[in-house]
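First up is the structure itself, then whatever we jot down about it.
Each ligand, and each atom within it, is numbered from 1 in the order the structure gives. Every value quoted in this text rests on a predicted model; they were computed, and no experiment measured them.
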Amino acid sequence: MVGHADAGKTQLVAAMLYTAGATPQLGQVDNGSAPTDYDEEEVQRGMSVSNSIGFAEWKQMKVNFIDTPGFNMFVHEAKMALPAVEAVITVIDGVSGVEVSTEKVWGYAEEYEMPRVIVGGRMDRERADYERMMNSVTEAFGRAVVPVQIPIGAEKNIKGLVDLIRMKAYTYDMGGNGKGKEIPIPVHLEAAAKAGHEKLVEVIAEGNDALMEEFFEKGTIPEEHLLPGVREAMLQHRIYPVLLTSGLGNIGADLLMDFIVEFLPAATEHPEVKGSAGPGNGTGPAVHHVTDNEPSSLYVFKTFNDPFGGRISYFKVFSGVTKNDATLQNFTRSSAERFAHLSIPQGKQMVPVPELHAGDIGCVAKLKDTLTGDTLGEKSAPIQYPHPTLPEPAITFAIEPKTRADEDKLSNGIHKLMEEDPMLRFFRDEQTKEFLIAGTGQQHIEVIVSKLKKRYHTEVNLKAPKVPYRETIRGKADAHGRHKKQSGGHGQFGDCKIKMEPLARGGNFEFVNDIFGGAIPKNFIPAVEKGIVEAAARGYLAGFPVVDFRVTLYDGSYHDVDSNELSFKTAGRIAFKKAMEQAKPTLLEPVMKVEITAPDEFAGSIMGDLNSRRGRIQGMDNKAGKTIVKAEVPMSEMLTYGAELTSMTQGRGTYTMEMDHYDYVPSLQQEKIVAAAKAARGEQVEEEE
Ligand SMILES: Nc1nc2c(ncn2[C@@H]2O[C@H](COP(=O)(O)OP(=O)(O)OP(=O)(O)O)[C@@H](O)[C@H]2O)c(=O)[nH]1
Ligand SMILES: [Mg+2]
């Protein structure tokens, strides 16, 4: 279940679970009783912040739902869920239509080639409008968007739905048991239903020669051929059917489940799941089929650290049968894990089961090394399933424990949270010794701070956001680092010559050992590298890590008695600094991909403002009276953009942003950053070496 924030995904899952008899009441997001929004943060904020799982049995089929968050700072969770599912249900708000996150998650589904269903949700709301919603999805996702239902009534008077596939109509009691009562198609909708059915038949016939022939002959396609036709079209991505619901009113949840069971692929229909061969088994491809008859393999797509119950791992069984108490090999980490107490997750509940079959989703507590993205399985059949790639964090804050006691607990708490959250980073600023925390945005970090407090009783202060600059070189250098000290007794002697040159962006660091004839003994060479790595981490210009360069160690000398590791490490550091002097050092800054949506009248001021932020406009789009501006802007110019956009647009503009790449800092800005770093360091003179 994916879609923009507030589209009604969590409420719709609650409606389906209740209608299927999986929960005793219709859970509600607004009173904290929706099964898939159970985390304290979710209940308090009234929105999902991470993926959660529920299941229902419907017509002898087990349906697993993963409810994903739609708020832009958590929407990457939807991508994390995709390896575990067979199809994507995109929920669209019946009032607002397609929104920014809708397009984002659609892109994920496209990347994963997932069959897609569209659900117009919250159809009972005031100003919910079927026609407008349809226009919006068709404009966004093209001709394959085909309605398979039309509403009876509208807004709070929505009474039911007409199923355009079987040409049947149903009414519901608002907030009732969710089971539609069949009625004749209302007379005033007969023409619309007929037109809708005909359009559907045409689209289905278009992609299938046999059906096309039948359609030409008979002018229609009988149900026994139409139903498999719909299924085939779904699997081939020729149609994105649109269904309608009200999760709160419990309208249409039964028809949606009918549709899922009848037309979406079961996990076992997956022909094969591809991975790479496990470690120690070469790098070639490896394949499993979703069947009980193959060796077991599973993929962990979520981790939750319960402060009382320990770590819980949620996984999808791709092949074989996973049995309670089995010992499986973690191929990603080369360790053995015992699967004691297998369960299937129903919101926060865990329902114990003796075994899990290929295609199912389960969870297990207390695996010792396993984290999200890992593949486990029978040791004899190693495989590694691919893990979704995510963007880099968009914002970094300095974080400060409130008390000494908090300081001790901070790192433990954050590391537990990082296991759950792939977009959370925690590190130390080498220069200022501050702790830094990075994530997708202000609200993401606020959720983390709140979890630290509630779950791990750790209180912190957040300081102003920081920009994670980096340093690199634009030229080549050749330098000599010599360290010699004679202070009675043993002396110190290390001596090395290095060449330095730039690597492409993302190349990070390469060390080449080009020593011939023992100019430096083998055992000291790693010490030279270590000295360079340590110095690079501390930075040269302004204390930011130096990246994207290659060092070639090509000569040096040693002393039989006085040479040791420390001396060569120091020599490496000296050589690095000297090389940096010549190699045209420069700062790199993170550049964000930004997308701003606002009513047309603000387009001019948004563009002007982006210019003043050194932004590069990448494109402009116009949808339903709103302008969408895409731009690349340095992170340093976007730190407080949220508040500024709000005041610029009277609160009607929204934006999303993610880290895109690193680029050179213009010299004017660079001077300022270097000066500020110097001031922060207090002009402290480096010790003479
Ligand atoms: N009127 C009406 N309100 C609904 C319906 N479904 C959900 N809501 C309300 O809309 C708000 C958002 O619903 P959610 O189900 O939490 O939306 P979501 O898509 O899960 O949102 P995120 O988790 O933030 O992505 C809540 O206040 C719900 O009570 C509906 O069918 N009709
Ligand atoms: Mg939700």
Side-chain angles (χ1 to χ4, degrees), residues 1-19 23 25-54 65-81 88-106 108 118-130 133 151 153-161 172-176 178 243-256 347-348 440-441 443-444 447 654 656:
M1 309 290 293
V2 303
H4 195 80
D6 271 352
K9 300 175 287 296
T10 303
Q11 185 59 45
L12 181 54
V13 170
M16 288 192 281
L17 296 191
Y18 170 61
T19 302
T23 57
Q25 299 110 15
L26 177 57
Q28 290 192 9
V29 169
D30 291 340
N31 64 18
S33 65
T36 52
D37 265 5
Y38 51 86
D39 189 275
E40 231 176 317
E41 299 305 322
E42 297 181 318
V43 172
Q44 199 180 50
R45 288 164 209 266
M47 60 147 81
S48 311
V49 305
S50 63
N51 291 339
S52 50
I53 300 110
F65 296 100
I66 304 185
D67 178 23
T68 73
F71 185 65
N72 65 60
M73 287 170 199
F74 307 111
V75 73
H76 58 272
E77 289 267 327
K79 198 170 181 191
M80 304 285 297
V88 167
I89 298 180
T90 307
V91 184
I92 315 266
D93 177 30
V95 179
S96 314
V98 172
E99 295 168 272
V100 184
S101 291
T102 324
E103 307 222 17
K104 186 143 212 172
V105 292
W106 191 267
Y108 296 157
I118 296 168
V119 171
R122 305 209 292 179
M123 290 306 294
D124 62 296
R125 282 176 80 209
E126 202 175 309
R127 292 183 23 254
D129 184 328
Y130 170 72
M133 193 271 304
E155 301 181 334
K156 67 178 190 298
N157 292 319
I158 183 162
K159 294 278 182 288
L161 303 167
Y172 295 83
D173 299 328
M174 188 66 90
L243 286 80
L244 304 168
T245 61
S246 161
L248 204 57
N250 205 5
I251 293 174
D254 58 343
L255 294 184
L256 177 54
K348 70 173 165 219
T440 56
Q443 282 94 328
H444 178 211
V447 166
T654 56
T656 62

Which bit of P69 is near ligand 1, meaning a heavy atom under 4.0 Å away: side chain, backbone, both or neither? backbone
Which of the ligand 1 atoms, numbered from 1, are nearer than 4.0 Å to a heavy atom of M47: 23 (O), 24 (O)
So for ligand 1, is D37 a polar contact partner (N or O within less than 3.5 Å, distance only)? no
From CD1 (I118) to CH2 (W106), nearest 0.5 Å: 4.0 Å
How close do M73 and T440 get, counting heavy atoms only, and between which atoms? O-OG1, 2.8 Å
Measure from the Mg ion (ligand 2) to each N, O or S atom of T36 and report whether any distance is below 2.8 Å. no
So the atoms of ligand 1 within less than 4.0 Å of a heavy atom of Q11 turn out to be 6 (N), 7 (C), 15 (O)
For ligand 1, which atoms, with element, lie under 4.0 Å from some heavy atom of R125? 1 (N), 2 (C)
What residue among N51, V75, V49 forms side chain to side chain contact (heavy atoms under 4.5 Å, CB included) with P69? N51
Pair T656-N72, side-chain donor/acceptor within less than 3.5 Å: no
T10 N/O/S atom closer than 2.8 Å to the Mg ion (ligand 2): yes
What residue and heavy atom of the protein are closest to atom 3 (N) of ligand 1, and at what distance? L248 CD2, 3.5 Å
With S33, the side-chain hydrogen bond (donor to acceptor under 3.5 Å, both in side chains) member among D37, D30, N31: N31
Honestly, for D124 the part within reach of ligand 1 (heavy atoms, under 4.0 Å) is side chain
Verify the distance criterion only: is there a donor paired with an acceptor across the side chains of T19 and N250 at less than 3.5 Å? yes
Residue E40 excluded, over 12 heavy atoms near CD under 6.0 Å: no
Nearest-contact summary for atom 31 (O) of ligand 1 - protein heavy atom, Å: G247 N, 2.9 Å
Proximal ligand 1 atoms for D30, defined as those under 4.0 Å from one of its heavy atoms: 26 (C), 27 (O), 28 (C), 29 (O)
Ligand-residue contact atoms, ligand 1 with V29, heavy atoms, under 4.0 Å: 14 (P), 15 (O), 16 (O)
Atom 22 (P) of ligand 1: nearest protein contact (heavy atom, Å): D6 N, 3.7 Å
Closest non-hydrogen protein atom to atom 10 (O) of ligand 1, residue and atom name please, with distance? R122 NH1, 2.7 Å
Ion pair D93/R125, N-O distance below 4.0 Å: yes
So which heavy atom in the protein is nearest atom 20 (O) of ligand 1, and how far is it from that ligand atom? T10 OG1, 2.7 Å
Determine, using heavy atoms of A7 and all atoms of ligand 1, whether some pair is separated by less than 4.0 Å. yes
With M1, the side chain to side chain contact (heavy atoms under 4.5 Å, CB included) member among T90, I66, T68, L12: L12
With side chains defined as the heavy atoms from C-beta onward, is the minimum distance between L244 and Y130 less than 4.5 Å? yes
Should G70 be counted as touching ligand 1, given the test is an N or O pair under 3.5 Å? yes
Would the distance check show the side chain of T245 and the main-chain N or O of I251 forming a donor-acceptor pair, the cut-off being under 3.5 Å? no
Output yes when the distance from some N or O of ligand 1 to some N or O of G8 is under 3.5 Å, and no in every other case. yes
